[in-house]
Amino acid sequence: MTRRSYAVDVMTLAPRLLGATLVRLTDEGERLAGRIVETEAYGGAEDTASHAHKGRRTARNEPMYAAGGTSYVYFTYGMHHCMNVSSGKPGDAQAVLLRALEPTEGLEVMHAHRGARKDGRPKPDTDLCSGPAKLCQALGLDRSMTGLDLTTHPRLWIEPRLRAPIEADIVTAVRVGIGSAGAWVSAPMRWYLGSSPHVSVR
DNA sequence: ATGACGATTTACT
DNA sequence: GTAAATCGTCATA
């Protein structure tokens, strides 16, 4: 996608990313890709659930302030990574959290990255990218991939959707996992495709 | 320097 | 449904 298409408000970009394809070329030259089926918007100073709440600006969340189209990958819970795409103009603290993908290319590699179930059987395809940390693990994304310009990077980018999903399939909901304090907790800032079996939580 | 916590996932009861 | 895993980040001192 172009800089221009990322340089919009986060509430506009988040639903527009539904149907677009995240592409990742690994160091081994494998092409991994998935169709985005679930996103969440995170805003700036006023958003109590945002890493940029109260204008917080640190080395970690600096990509949120970068030009729209910059990757923001962070490490959490001592073991997981989550990937965001910044939106808006430079200085705007906004980002879209990618919460789930429908895997389309490189499924075998994704399975290898994600590992088998404890009983040794392979995980179902719907368990490869159905969560923000799952999709990062499946695509091999970690903090080394933060702060990248997705409009020019040779290894990580988003291909625009050819057609928008039908309106009736887009579900708007409250964000997941952001605690229970503040009015922003109940704000409808999550979007997903209701027909997709690859969404994180129903 | 220290302590509390997290935009989660997984396995187990 | 409940709980453990596991450590970087950030606020406080």
Side-chain angles (χ1 to χ4, degrees), chain A residues 9-11 13-15 17-18 22 34 36-66 68 70-88 92-101 103 110-147 150 158 171-192 197-202:
Chain A
D9 186 83
V10 70
M11 296 296 283
L13 181 62
L17 285 177
L18 294 177
L22 177 65
I36 298 169
V37 296
E38 178 181 351
T39 61
E40 279 180 0
Y42 285 86
E46 320 82 39
D47 184 354
T48 51
S50 171
H51 287 173
H53 178 47
K54 292 182 178 171
R56 199 165 90 200
R57 187 167 186 165
T58 66
R60 180 180 69 152
N61 71 1
E62 185 61 26
M64 286 187 76
Y65 292 84
T70 302
S71 67
Y72 170 36
V73 183
Y74 67 90
F75 182 68
T76 189
Y77 288 105
M79 65 192 89
H80 297 303
H81 295 275
C82 293
M83 175 175 174
N84 300 255
V85 182
S86 74
S87 70
D92 295 342
Q94 304 182 332
V96 177
L97 173 68
L98 304 183
R99 284 196 56 90
L101 309 176
M110 292 189 197
H111 270 108
H113 286 171
R114 291 275 294 128
R117 303 195 312 192
K118 197 154 194 186
D119 62 15
R121 298 175 56 198
K123 289 184 165 79
D125 289 353
T126 51
D127 202 21
L128 289 178
C129 302
S130 53
K134 292 180 183 179
L135 72 89
C136 282
Q137 186 177 31
L139 299 197
L141 301 173
D142 59 29
R143 277 173 301 170
S144 70
M145 307 298 290
T146 200
L150 301 179
I158 297 176
V171 181
T172 305
V174 167
R175 292 177 291 183
V176 176
I178 55 172
S180 58
W184 286 75
V185 168
S186 54
M189 297 172 80
R190 174 180 179 226
W191 293 265
Y192 63 90
H198 300 275
V199 162
S200 63
V201 295
R202 323 283 320 177

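Just so we're on the same page: letters track the sequence lines, and every chain starts at 1.
Heavy atoms of A/K54 sit nowhere under 4.0 angstrom from any nucleic acid atom. Nucleic acid contact class of A/A133 (heavy atoms, under 4.0 Å, all strands): sugar-phosphate only. Counting any heavy atom pair closer than 4.0 Å across all strands shown, A/R190 reaches no nucleic acid atom.
With hydrogens and angles disregarded, a donor-acceptor distance shorter than 3.5 Å links the side chain of A/S71 to the backbone of A/G147. Between the side chain of A/T126 and the main chain of A/P197, no donor-acceptor pair closer than 3.5 Å is present. Using a distance-only test at 3.5 Å, with no hydrogens or angles considered, no donor-acceptor pair links the side chain of A/N84 to the main chain of A/A95. Panel note: side chain A/T70, backbone A/P63; no donor-acceptor pair is recorded below 3.5 Å. Side-chain atoms of A/H53 come within 3.5 Å of backbone N or O of A/A45 as a donor-acceptor pair. Panel note: side chain A/S50, backbone A/Y42; no donor-acceptor pair is recorded below 3.5 Å. With hydrogens and angles ignored, the 3.5 Å screen pairs a side-chain donor or acceptor of A/K123 with a backbone N or O of A/G115.
Protein atom NE2 of A/H81 is 15 Å distant from nucleotide atom C1' of C/dA5, rounded to whole Å. Rounded to an integer number of Å, the gap from CZ of A/R175 to P of B/dG6 is 15 Å. Residue A/W184 contributes atom CH2, which lies 16 Å from atom P of B/dA7 at whole-angstrom precision. Following rounding to the nearest Å, A/E40 (CD) and B/dA7 (P) show an atom-to-atom distance of 11 Å. As rounded to whole Å, 15 Å separates atom C1' of B/dT10 from atom CG of A/L128. Computed from coordinates, the A/Q137 CD to B/dT10 C1' distance equals 11 Å when rounded to whole Å. When rounded to the nearest whole Å, the span between CG of A/D119 and C1' of B/dT10 equals 13 Å. Summarising the geometry, the separation between CD on A/E38 and C1' on B/dA7 is reported as 11 Å, rounded to the nearest angstrom.
Mapping A/V176 and A/A116 onto DNA chain B by nearest heavy atom places A/V176 at the nucleotide closer to the 5' end.
In the set B/dT8, B/dT10, C/dA5, the nucleotide with an atom closest to the side chain of A/M79 is C/dA5. Closest to the side chain of A/I178, from the set B/dT9, C/dA5, B/dA7, is B/dA7.
Look at A/Y77 and the base of C/dA5; the rings do not stack under the cut-offs of 5.5 Å between centres and 30° between planes.
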Reading 5' to 3' through nucleotides 8-13 of chain C, protein heavy-atom contacts under 4.0 Å coded B for base, S for sugar-phosphate only, - for none: SSSS--
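For B/dA11, the OP1/OP2 oxygens have no side-chain nitrogen or oxygen of A/R117 closer than 4.0 Å. Proximity of A/H51 to the phosphate of B/dA7: a side-chain N or O atom is located under 4.0 Å from OP1 or OP2.
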In dot-bracket, 5' to 3', how would DNA chain C read with Watson-Crick or G-U wobble pairs under 3.5 Å, [ ] for crossing ones and | for pairs to another strand? |||||.||||||.
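Ring-plane geometry between A/Y72 and A/Y74 is classed as tilted, the angle between the planes lying from 30 to 60 degrees on a 0 to 90 degree scale.
Salt bridge status for A/E40 with A/R99: present, with a side-chain N to carboxylate O gap under 4.0 Å.
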Is there a side-chain contact (heavy atoms from CB on, under 4.5 Å) between A/E38 and A/L135? Walk through the geometry before answering. CA-CA 11 Å; A/E38 178 181 351; A/L135 72 89; over 6 Å; no
